[in-house]
Each structure stands twice: as structure tokens, then as C-alpha cells.
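Chain identifiers are assigned alphabetically (A, B, ...) following the order of the sequence lines, protein sequences preceding nucleic acid strands; residue numbering begins at 1 within each chain. Please read these numbers as outputs of a predicted model, since none were measured by experiment.
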Protein chains: 2
Amino acid sequence: MILSLSPTDTFDRAKMNDLIKRRFFYDISFAIYGGITGQYDFGPMGCDLVDNMLAEWQKHFVIQERMLKVNCSILTSEVVLKASGHVDKFADYMVKDVKTGECFRLDHLIKQHFEKKLSEKKTSQEERETINRKITLLDGMTMEEMDRIVKQYDMKSPLTGNDLSDAMEFNLMFPIYIGPSGNLKGYLRPETAQGIFVNFKRLLEYNQGKLPFACAQVGNAYRNEISPRSGLLRVREFTMAEIEHFCDPDDKTHNKFDQVANTEMMLYSACAQMDGESPRKMTISEAVRGGLVANETLGYYMARIQQYLLKIGINPKKLRFRQHLNNEMAHYACDCWDAECLTSYGWIECVGCADRSAYDLSQHTKGSGVKLCIERPLKEPKMVESFIAVPDKGAIGKAFKKDAKAVQEALAALSNEDAEKMDKALTETGEYDLNGYKLTRAMIPSFKREQKKVHVEEVIPSVIEPSFGIGRVFYSLLEHSFRVREDDDKRTFFSLPAVVAPIKVSVLPLSNKQEFVPFTTKLADALTELNLLVRVDDSTGSIGRRYARTDEIAIPFGVTVDFDTVNNVPHTVTLRERDSTEQVRIPIDDVPLTVKKLADGKIQWKEVTDKWPRFIAQETTK
Amino acid sequence: MILSLSPTDTFDRAKMNDLIKRRFFYDISFAIYGGITGQYDFGPMGCDLVDNMLAEWQKHFVIQERMLKVNCSILTSEVVLKASGHVDKFADYMVKDVKTGECFRLDHLIKQHFEKKLSEKKTSQEERETINRKITLLDGMTMEEMDRIVKQYDMKSPLTGNDLSDAMEFNLMFPIYIGPSGNLKGYLRPETAQGIFVNFKRLLEYNQGKLPFACAQVGNAYRNEISPRSGLLRVREFTMAEIEHFCDPDDKTHNKFDQVANTEMMLYSACAQMDGESPRKMTISEAVRGGLVANETLGYYMARIQQYLLKIGINPKKLRFRQHLNNEMAHYACDCWDAECLTSYGWIECVGCADRSAYDLSQHTKGSGVKLCIERPLKEPKMVESFIAVPDKGAIGKAFKKDAKAVQEALAALSNEDAEKMDKALTETGEYDLNGYKLTRAMIPSFKREQKKVHVEEVIPSVIEPSFGIGRVFYSLLEHSFRVREDDDKRTFFSLPAVVAPIKVSVLPLSNKQEFVPFTTKLADALTELNLLVRVDDSTGSIGRRYARTDEIAIPFGVTVDFDTVNNVPHTVTLRERDSTEQVRIPIDDVPLTVKKLADGKIQWKEVTDKWPRFIAQETTK
């Protein structure tokens with residue numbers, strides 16, 4: 001949900017986009033061929049920034065929490081996405097221009113129409129109130145409700161003024177036909193999560209059968225958006241980083257919760273939203289103990305998400321966690337919070353964090369006939385009654401041949417309830433559809449009831465899912481770190497933390513005199529040896545102008561080789577910090593390790609200015 | 001080209017595959033739903049191994065060579081792949097079973113048929129010779145030639161014995177329809193290279209207009225294989241790591257060639273292959289100076305590719321560089337060498353390294369009308385005659401509206417030759433098709449000849465392309481590092497170098513006694529703090545059994561907390577190396593940094609055994 005709250009500061013989006021394009025952070029794909037909306041190519045700067053964000057993500061989540069990791073196919077067979085519910089329900093509503101065929105996303109069209117009405121002087125106060133009420137309810141409306149609004153307000157195509165078609169559903173997945181015969185239908189995955197769920201059994205084995213454990217996956221996902229706008233915020237191809245934390249449904253405590261308990265967070269509860277109140281700051285411990293956040297594990301991840309976002313440079317004043325309203329939340333979810341960042345487009349959902357209960361594993365258990373559950377020891381053994389289908393194996397083998405085994409397994413996995421249903425259906429209609437296999441009474445001649453003493457119970461784990469839209473975090477980070485120098489409004493730059501900055505250090509000879517070359521080369525090589533990405537700029541142009549160029553691409557530290565470097569022993573250079581533009585004079589041999597420590601966040605700039613003498617130079621781009 | 005040379009050692013593929021599956025390095029995708037051939041999911045071990053291989057690749061190439069990097073769209077519009085030649089030519093030949101519709105790749109079918117014939121006793125010596133000659137020529141045959149062979153030998157479907165259809169082409173790209181109207185056709189990219197070429201202009205600007213420079217891209221590519229077999233070696237979805245090195249076509253020297261000049265390489269020249277000779281070992285310098293390898297830059301990358309492969313653990317005795325034969329090489333390439341690894345499937349192409357000349361940039365210049373070239377200063381200015389279309393701007397504006405600018409640009413970019421062609425066509429037929437725009441004489445009323453003094457010439461850079469099939473390198477690496485313990489043939493493991501091993505260190509308490517816990521926890525946390533992936537195994541089972549389990553997943557170092565740890569001050573633990581199974585006794589506080597250095601390759605195991613006392617313990621899995 002994007003609320004129409006404007007940021008309070010004077011952010012100039014056009015100015016930032018100019019810098020992004022000019023220094024190739026990213027740009028529209030296939031631009032020399034006219035480009036495609038909703039797709040972007042990342043240039044050297046954007047690419048490294050994303051890679052560094054993801055490397056930090058790996059450290060913060062996968063390594064620190066000792067998570068498992070998978071990398072699954074993007075081409076996904078239809079049966080998987082049928083079970084997950086995507087084939088039937090992963091759709092947006094749209095209308096078409098009846099003459100040109102142009103498609104519009106229904107909720108966007110309505111919102112745009114209403115916003116235009118609100119901006120017109122002639123709209124009465126009463127109308128305004130009605131419209132505002134409808135805008136608030138838009139996210140939870142059915143297609144029929146929206147369709148009625150379109151007709152009631154006689155909305156037309158905003159491009160041509162032509163009539164619009166009735167509303168229709170449009171499934172957002174890209175279909176794919178696998179193999180030369182084209183018989184095997186699949187889709188490009190719309191999220192990375194399903195790959196983890198279908199591998200649950202192996203992952204559980206890998207974790208020696210124990211809960212809780214978490215598994216992460218980073219990779220592309222695809223959604224065939226109806227009319228992508230808003231730059232990187234709505235695209236057809238994007239990178240996700242998802243974690244599925246599997247835990248006992250009756251024990252959602254987290255053994256590291258104490259470590260984050262005092263984290264202060266800005267929480268915007270569902271109640272506060274409904275009552276028109278503001279978000280409230282509180283510790284995650286207060287939120288969990290007070291019952292606002294459903295459980296410790298969910299709260300733990302919310303705190304860890306916040307820590308990560310702040311570490312990479314998200315502005316804490318422009319970050320909040322918003323709880324989903326009841327009508328927004330999937331029916332199976334217990335609780336769901338979105339980490340939202342404030343941008344010039346309003347508050348943007350960047351990370352979702354949901355307790356999805358047992359939904360996903362239950363669906364794939366049903367879909368595949370393979371039990372995705374754990375066995376939990378009972379305190380005391382108990383007697384249970386099972387209602388079991390007794391198949392005629394010969395008949396099933398004959399009917400289903402190589403699929404017979406799958407049918408047998410699905411029969412063995414039937415719940416009592418489903419077995420009762422099957423018995424009833426076979427008696428009444430003579431047929432039953434089991435995962436697409438048509439069973440007849442001849443195949444299942446009888447059912448039996450059995451009493452069994454059991455020592456374990458089968459439990460489907462709950463899933464807590466933090467899900468990062470990396471492109472949205474990336475874009476918010478750029479807005480949050482975009483700066484204009486106070487003394488020169490043409491000098492724009494990104495104040496990215498060193499840990500994610502694409503290039504860590506620049507090496508600039510004062511001029512292109514030959515005598516500087518050996519020093520520049522040796523220093524750049526020594527920095528590269530420490531796996532630091534270095535930018536040597538030996539182009540002509542004043543040193544100030546070249547610093548401005550390195551600032552633009554967020555290089556946090558800059559070294560200048562000058563005449564003092566050449567003439568004095570020990571050889572020294574200047575080292576400059578981007579945000580403060582402060583400089584020190586430092587022996588050239590101390591530079592590599594100092595910059596390495598700064599880049600890794602092991603020391604702060606203040607420690608450098610405390611240790612080495614300040615170097616004062618006027619910085620001019622003239 | 002896969003030669004049918006068997007490896008000389010006694011490698012047991014079934015044994016390795018059992019380990020790969022059991023410890024979830026990778027397995028077939030969507031297995032609980034029956035799986036899809038040609039697609040694989042990577043589990044925690046496979047995923048980390050690939051990630052570590054790619055991290056090392058980034059260091060070795062991108063950081064060390066200061067390359068640019070891009071990350072481009074996988075959904076690619078048709079016009080791009082039309083220009084690159086993929087829409088028309090990226091196809092394999094196949095035949096269908098006329099009754100079942102089953103598809104077979106034509107060359108594989110013929111080869112399989114021939115191999116069967118060779119294995120039959122009744123086949124005469126003369127027939128054998130004919131068949132062997134045909135197998136050698138197979139890679140270079142046209143579809144018609146192969147079709148004749150199928151008919152001549154009366155080949156049938158190997159599955160059913162049914163008749164086969166005539167041979168047909170099958171384009172290997174997956175088509176995609178972008179947007180809700182389905183009008184915009186695209187494909188999943190079949191390689192990552194095109195994204196770099198279409199961004200050439202921006203990358204050149206980013207590099208301040210200077211050559212040479214290189215740009216890398218790592219990402220997925222897709223090929224709709226006709227009948228994928230051979231496990232990871234032929235799949236529909238795979239990761240590539242490609243480098244495009246742009247250089248002056250008249251200067252293919254490399255300023256760091258001296259650093260690799262003495263690298264010894266096993267080279268299998270086209271001549272040696274034709275003459276039935278063996279590969280020859282020589283230095284890359286000899287190969288370039290002698291003209292066998294076309295130029296320094298190509299040679300430089302071949303040496304760097306070898307360095308990389310050896311660093312991650314490829315067996316030098318199972319690595320060679322094979323030159324493409326003339327009939328194998330694309331018509332535009334000057335020279336092309338494949339790094340091949342010997343596996344149980346024969347010699348496998350893992351990395352290609354080609355001089356593609358100006359082909360790609362020329363094609364996209366023609367396709368887009370945007371000049372992808374550099375301006376090179378002439379030693380002396382010269383007079384050139386241009387033949388220029390003089391358009392009626394009004395007529396063009398009226399006809400093409402928002403595309404008028406693109407048409408004007410395409411007209412301005414016309415070569416003299418194309419302008420002559422256009423003039424002729426407009427005179428003869430009144431029409432000319434320019435990149436899909438239909439031009440008429442009214443739009444181009446005249447042409448003119450102009451003499452101009454020029455100081456620069458436009459030159460299309462040459463491209464040297466190292467292209468890594470990451471999955472194939474990964475698979476070869478697994479085969480090359482698979483080991484069986486001499487004293488126990490049930491104990492199998494992977495001898496991966498620490499730098500790419502998924503998990504760097506295990507921590508094992510001697511038993512699950514409570515007194516070990518504080519030591520285990522503290523040590524694991526200290527190791528994690530250094531961003532080392534740690535595996536704690538506190539399950540029951542003898543220490544030897546648990547070591548065997550950590551060996552299986554290639555953990556290079558293992559720490560055991562035992563009674564001496566608890567009872568003696570300073571607290572010491574044992575540290576074990578996987579391949580030698582040697583152990584030392586070392587103070588617990590020295591473990592984290594020592595392991596960190598070992599894992600980063602900063603110290604070798606011998607330095608550890610020199611420094612700390614040997615710990616002798618019988619390792620038993622009983």
C-alpha cells in the first residue's frame with residue numbers, strides 16, 4: 001500500500017535521476033533499440049551496489065544465523081504453482097480500451113481518476129469525502145466492486161477517452177513451454193519461496209531432522225505487470241532475497257530474541273491505521289510481550305531486518321514497520337508486517353515479514369502426495385483410529401502404469417477426512433479424482449478402520465517468511481543517500497556507507513606528470529591486492545573536479561599523489577573522506593590497510609583524523 | 001566436441017552421484033512432483049560451492065583486472081536477438097518419431113546409432129572405417145547431410161523403432177510475450193554477452209572514451225535443449241560468467257602479458273587434431289610468438305583462465321585448451337580456444353575463449369542505427385567522400401511521428417555503401433526498408449556527395465570473449481576432487497580447496513556432555529564472527545563417524561572439544577585437516593585466526609603442523 005504522504009525534505013528526483021543515468025547506475029534495458037518499460041539494466045555502479053548489498057545480506061542473515069541456502073530453477077512446472085495457488089489466484093484486475101486494446105490496471109486507473117477529481121475545484125466537499133473513503137477501501141475491493149465504480153463514474157481510457165471493457169483478471173505469471181514438443185507447461189517463478197518449500201524434506205534431512213531451521217534463497221523472479229511505472233519500484237524482472245524459517249507451530253520462541261529485545265522500532269499497527277493514528281515507537285520486546293507482534297520469531301526477524309536496513313544506509317527516520325490490515329492479509333497468515341521506506345513516491349513496501357503458518361507445506365503435501373512434516377515425540381503414546389483406503393494394487397498398476405507408485409503414495413498419505421470423502425464419492429458416483437488421477441471403486445474395493453498406538457505425531461511446521469524486494473531497497477537507499485553540496489548545488493553525490501559503496505577508494509595523481517605514475521601504480525596495485533575495488537583517475541581536470549566525479553559515484557575515500565609525495569621521504573599522500581571532505585596527510589605505505597579497515601567498518605574516519613595530521617586544501621571544481 | 005577418451009583412473013560415477021544426492025549438493029528440480037529433466041536445484045552445499053567459485057572469479061577477473069560489470073535483463077526483446085543472429089540461426093537439428101511425436105537431437109541420434117554399430121561384432125572393418133570418418137565430420141555437417149545419413153542407414157526411433165520424420169530446425173530460445181496484450185515478443189536470453197554489447201556506448205563513456213576495457217556479466221541464460229542428458233553438462237537453465245574485452249582491432253597487445261608469458265599450457269591445435277597428433281605443452285609466450293594463438297590479449301586470457309581453474313581445484317592433468325577447427329568456428333571469429341576438462345563423460349568444453357573481431361558491435365550498429373564505435377585520431381587528416389541521404393524532415397516526421405528521430409539517426413548512420421543501395425532501391429522500386437521503417441522517394445528526395453577533411457576515423461572495436469559455463473566447471477571440479485579413503489572404500493569425500501569449500505570448519509564436541517557446550521558455543525561464535533561458515537555437529541556418534549560426515553561435504557578443517565579442553569589451562573582443542581587427516585593440539589583462542597588464514601589461503605597446513613604439536617588419534621567410524 002502506498003500512502004500519499006510526501007517526504008518533508010526538498011528532494012529533487014529529476015536531479016537524482018540525472019546523476020543515476022549519467023554515471024550509469026542503471027538505465028532502461030535495450031535503450032539503443034528504444035527500450036522496454038518495466039525492465040532495467042544495471043551498470044557498473046548499480047551492479048556493484050546490489051552485489052555489496054547482497055554480500056552484506058549473506059553475512060547478516062545466512063552466515064550469522066547459520067542458515068541453509070538453496071538455488072532453485074526459475075523455470076517452474078505448472079503443477080508446483082497450481083499447488084501453491086499461483087495459477088488460480090496470482091492475478092491483477094485490468095480493463096482494456098475497447099478500440100486500441102491498451103490495458104490498464106484497474107486499481108491504478110480508479111485511483112488516478114479519483115486523484116484528478118480531487119484536484120478539480122468544482123468537486124464538492126461531500127464528493128471529496130466519498131472519494132477519499134473509496135480510495136482507502138480500494139486495496140481490499142473485489143473485481144466486481146471496482147468494476148461498479150468504473151461504471152458509476154463513467155471512467156474512460158485516460159489516453160484516448162475511449163470506452164473501457166468490463167474488468168477482467170490477468171494472471172501475472174509468464175508462461176513457458178519446456179522442451180521441443182511444447183507439451184510441458186511451466187512459468188517463470190513469481191517468487192523464490194516455492195523452491196524452498198518443495199525441497200523441505202531434503203533440507204530437514206540436511207538439518208538432521210531438527211527444527212527450527214531457516215533456509216535462504218536469492219534470485220530473480222518475474223511478474224508480467226500490466227502497466228509498469230514508477231521506475232524500479234514496479235518492474236517485470238527483479239531480484240528477491242527470501243528466508244523461510246521453519247518452526248514448531250506450538251513453539252515460536254526464538255533463542256536469540258534477548259539479543260534484539262531492546263531494539264527500538266517505529267510500528268504502525270493495524271488498529272492505529274484504522275483509527276487514523278500515527279505509528280508508535282517501542283522496543284520489539286514491548287511489541288511481542290504486549291501481543292502486538294504475534295510471536296518472538298516474527299519479532300526477532302523484524303528487528304534483524306531493521307538492523308540490516310540501517311547498516312546498509314537506510315535513513316532510520318524514513319523507516320517504519322506497517323502491520324497488514326485484516327482484508328490485506330492472506331487468509332492463512334497469522335500476522336504480517338512490511339518494512340516500508342519513505343521515498344518521493346510515498347511509503348514503499350521494501351521487505352515483507354509474515355507468519356504464513358502451515359499453509360505452504362500443507363498445499364505441497366496435498367499437491368505432491370509427499371508428506372512435508374516433522375515427527376514430534378508425544379509425551380505419552382496414544383491410540384488413534386485411522387480410516388484407510390485398501391487399494392487393489394493390480395488394478396491400480398494396470399490403470400496408471402509408471403504413475404502407480406505415485407498413486408499408492410498419495411493413497412497412503414490421505415487424511416482420515418479425505419479418505420471418508422473418497423469412500424462417499426466412490427459409493428455415490430463410482431469415481432474420485434485424486435491429484436488428477438481418476439480412481440474407480442474397482443481400484444479401491446474397500447476401506448478399513450484401524451486402531452494404532454502411536455508414539456509420535458506428525459506436525460506440519462509453521463513458516464516465518466522475511467522477503468526482500470532488493471530493487472526497492474536499492475532505490476530507497478539511493479534516495480536516502482542522495483546529497484547536494486551546500487556550497488554548490490551542481491555537486492550532487494551519494495553518501496553510501498563504505499560497506500556497500502561500489503568502489504571503495506580512488507587514486508588521483510595531481511596531474512598527468514610522469515613522475516607521479518610509479519606511486520599511483522604501486523598504490524593502486526597494493527589496494528587491489530586487498531580485494532578493494534579501486535578507481536584510478538589520471539584524466540586531466542582539476543583535483544577538485546575529479547573529486548566531484550568520484551563523489552558522484554559514492555567513492556568514500558580518495559587518495560591524491562602530489563609533489564610532496566614525490567619529493568619527501570617518507571612518501572606521504574592525502575587521504576580524503578567523501579561526506580565531510582576532510583583530508584589527512586598519511587604515509588603512502590599506511591594507506592592500504594587503513595582504507596581496508598575503513599571499508600570494512602572496522603575503524604571510523606574519526607580515528608584517522610585523530611591519528612594523522614589534517615591536510616587543509618581548498619576544494620574547487622574550477 | 002566430446003572426444004570419446006576415457007579417463008585413465010578408476011572413477012566411480014555412481015558412487016559420487018550417491019554422495020552428491022545424499023548430502024544435497026544438487027538434485028533434479030521439483031523432485032516431489034516427479035522432476036523435470038534438464039533442470040537442477042542446488043542444495044546448501046552446491047549453492048555455497050557455486051557462490052564461492054563465483055566470488056573467486058570476481059576477485060580473479062573483475063577486481064584484479066579492474067573490469068566493469070553489468071547486470072542486464074534476461075527477458076530480451078526480439079529485435080536485439082534478431083540483430084545478433086540468434087532468431088535466425090540459434091537452432092539445433094532434430095527428427096521426430098512419426099507416431100509418438102518424441103523428439104531426438106539429430107547429431108546425438110546419429111552418433112548413438114553409429115556407436116551401436118561399432119559395438120556389434122558383425123560390422124566389417126571397412127564399415128567401421130567409414131563410420132569413424134563420418135563421426136569425425138559430424139560436428140561440421142549441414143542438416144541435409146545428416147538427414148541423408150539417417151535415410152541411408154535407415155535409422156529408426158531408438159525408443160519405439162518407429163519411423164522418423166525428415167530433419168528440421170528447432171530454435172533453442174524460449175519465447176516470451178511481454179505485457180498484457182502479448183504484442184511484444186521476446187526471448188529468455190541464450191547467453192549473457194548481448195547485454196554487454198547493447199550497452200557498449202555507455203560503458204565506453206563510463207571508461208572515459210578509452211580502449212581497451214573489459215566488462216563482465218554473471219547471470220542465468222536459457223536454452224530449450226531438445227533432449228537434455230548428461231546431468232549438469234546439458235541443462236535448460238544455467239549460469240554463465242562472460243567477459244567482453246574491447247580493444248583496438250589494430251592493437252591486440254596486452255600490457256600485462258609479461259606477467260603470464262611463462263605459464264605452461266597444454267595446447268591442442270587445430271592442426272594437431274586434423275593430423276591425429278596429441279596436445280603439446282608449451283608456454284603461452286611461445287604459442288603467441290609462434291602464431292599458434294592469434295594475439296597477446298587472447299593468450300593473456302587463456303593463461304588467466306587456466307590460473308583460475310587451477311586455483312579452484314581443477315586437476316592440471318585433466319585440463320587442456322583445444323583450438324576450434326575451421327568448420328566449427330563462427331565465420332567472423334579469428335581464433336577460438338576451449339578450456340576442456342576431462343571427466344567420465346570425456347573431454348568437456350568448460351570455458352570458451354574467442355576473438356570475435358568486430359562482429360557483435362557491427363551487427364548492433366546495423367540493427368539499432370546507433371554507432372557502436374570509437375573515434376581514433378588519424379596521424380594525418382585525410383579527405384573522404386561521403387554519400388549522404390538528404391531527407392525531407394517534414395515528410396519523415398509526418399510518417400513516423402515519435403519514431404521520426406530514430407529514423408533520422410539511422411539515416412545519419414548509413415554507410416556509403418548502404419546509402420548507394422538505398423538510392424538505387426528508391427529509384428528502381430520507390431521503396432526501401434530501413435530497420436523496419438518503410439521509406440519512400442518522397443521522404444528522401446535526393447542524395448549528395450560531400451568531401452570532408454577528417455581528423456579521426458571511426459573504428460569498431462574488436463572483442464575478445466572468455467565465456468565460462470559455471471555448471472560445467474562445477475561438475476568437473478566435483479569429479480576431479482572426488483576421493484575414496486584408501487583404508488575404507490565406504491568413506492568418500494570431496495577434496496575441495498579451502499578457498500571454495502562450502503563450509504570452512506566444523507566444531508565437534510567429543511560427546512553431548514553438558515560441560516563441552518560453553519566451549520563449543522564460544523568457539524563457533526568466534527569463527528562466525530570472522531564470517532566463516534561453521535558447522536556444529538553435536539549429534540551422537542563416534543568422533544570418527546562425525547569426521548567422515550564432515551569430509552563428505554568437503555569441510556577442510558575440523559575442531560574437536562574434548563576432556564583435555566575442559567580440564568587443562570590454557571584450554572586446547574584438536575584441529576584436523578581433511579585430506580591428510582593429520583591433527584594438532586592448539587590453544588582454543590588461536591583457532592579462529594588460524595582457520596581464517598588457512599581458509600583464505602594465507603597460510604598452508606604445513607605451517608600449522610610446524611607450529612603446534614601433533615595429536616595422534618586413531619580415526620574410526622565404528
Can a salt bridge be assigned to the pair B:K69 and A:D51 using a cut-off of 4.0 Å between side-chain N and carboxylate O? yes
Heavy-atom pairs under 4.5 Å with chain A - which of B:L68, B:N224, B:V198 has more of them than the others? B:N224
Part of B:V79 lying under 4.5 Å from any heavy atom of chain A: both
Taking atom CZ of B:F30 and atom OG of A:S77, what is their separation to the nearest 0.5 Å? 5.0 Å
Contact class of B:S73 relative to chain A, heavy atoms under 4.5 angstrom: both
Interchain contact, A:F200 with chain B, by part (heavy-atom threshold 4.5 Å): neither
Which value, rounded to the nearest 0.5 Å, describes the distance between B:D97 atom CG and A:S181 atom OG? 12.0 Å
Should we say atom NZ of B:K405 is surrounded by more than 12 heavy atoms from elsewhere, each under 6.0 Å from it? no
If I compare all heavy atoms of A:V534 with all of B:R66, which pair ends up nearest, and what's the gap? O-CD, 3.9 Å
Among A:F170, A:Y206, A:F174, the residue with the most heavy-atom pairs under 4.5 Å to chain B is A:Y206
Out of A:L75, A:I503, A:I74, return the one with the most heavy atom pairs under 4.5 angstrom to chain B. A:L75
First locate atom CD of A:E409, then atom CD1 of B:I32, and finally report the distance between them rounded to the nearest 0.5 Å. 11.0 Å
Where does B:D403 contact chain A at under 4.5 Å (heavy atoms): side chain, backbone, both or neither? neither
Largest heavy-atom contact set with chain B, pairs under 4.5 Å, which of A:C103, A:G46, A:P502, A:P228: A:C103
Which atoms of A:N171 come close to chain B, meaning under 4.5 Å heavy atom to heavy atom: side chain ones, backbone ones, both, or neither? neither
Stacked cation flag A:R202 on B:Y26, 6.0 angstrom / 45 deg: no
Bottom line for B:Q208: the part with an atom under 4.5 Å from chain A's heavy atoms is side chain
When the 4.5 angstrom heavy-atom criterion is applied to B:I63 and chain A, the contacting part is both
Check each atom of B:A55 against the heavy atoms of chain A and say whether the ones under 4.5 Å are side chain, backbone, both or neither. neither
Is the closest side-chain donor-acceptor distance between B:D41 and A:N71 under 3.5 Å? no
Okay, A:I178 and chain B: the region with an atom under 4.5 Å from a heavy atom over there is both
Which answer fits B:Q39, side chain, backbone, both or neither, if we ask what part of it has an atom under 4.5 Å from a heavy atom of chain A? both
Top of B:N435, B:L532, B:L188 for chain A proximity - count of heavy-atom pairs under 4.5 angstrom: B:L188
Applying a strict 4.5 Å limit to non-hydrogen atoms, the region of A:M94 in contact with chain B is side chain
Within 6.0 Å of CD in A:E529, more than 12 heavy atoms from elsewhere: no
Using non-hydrogen atoms only, which part of B:R223 is less than 4.5 Å away from chain A: side chain, backbone, both, or neither? neither
Can you tell me how far apart CZ (A:F42) and CG (B:N199) are? Round to the nearest 0.5 Å. 12.0 Å
Answer with side chain, backbone, both or neither: which region of B:V536 has an atom nearer than 4.5 Å to a non-hydrogen atom of chain A? side chain
Interchain contact, A:T528 with chain B, by part (heavy-atom threshold 4.5 Å): both
Under 4.5 Å to a heavy atom of chain A? For B:D537 that would be side chain
Between the OG1 atom in A:T76 and the CD atom in B:E237, the distance rounded to the nearest 0.5 Å is 8.0 Å
Give, for atom CG of B:L533 and atom NZ of A:K59, the distance between the pair rounded to the nearest 0.5 Å. 13.0 Å
Where do A:D538 and B:K210 come nearest, in terms of heavy atoms and distance? OD1-NZ, 3.8 Å
Greatest number of heavy atom pairs closer than 4.5 Å to chain A - which of B:A216, B:A406, B:P180, B:C47: B:P180
Checking A:R549 against chain B: side chain, backbone, both or neither under 4.5 Å from a heavy atom? side chain
Check each atom of A:D92 against the heavy atoms of chain B and say whether the ones under 4.5 Å are side chain, backbone, both or neither. neither
Best-contacting candidate, B:A83, B:P44, B:S29, against chain A by heavy atom pairs under 4.5 angstrom: B:P44
Given the options B:I226, B:V370, B:N531, which has more heavy-atom pairs under 4.5 Å with chain A than any of the others? B:N531
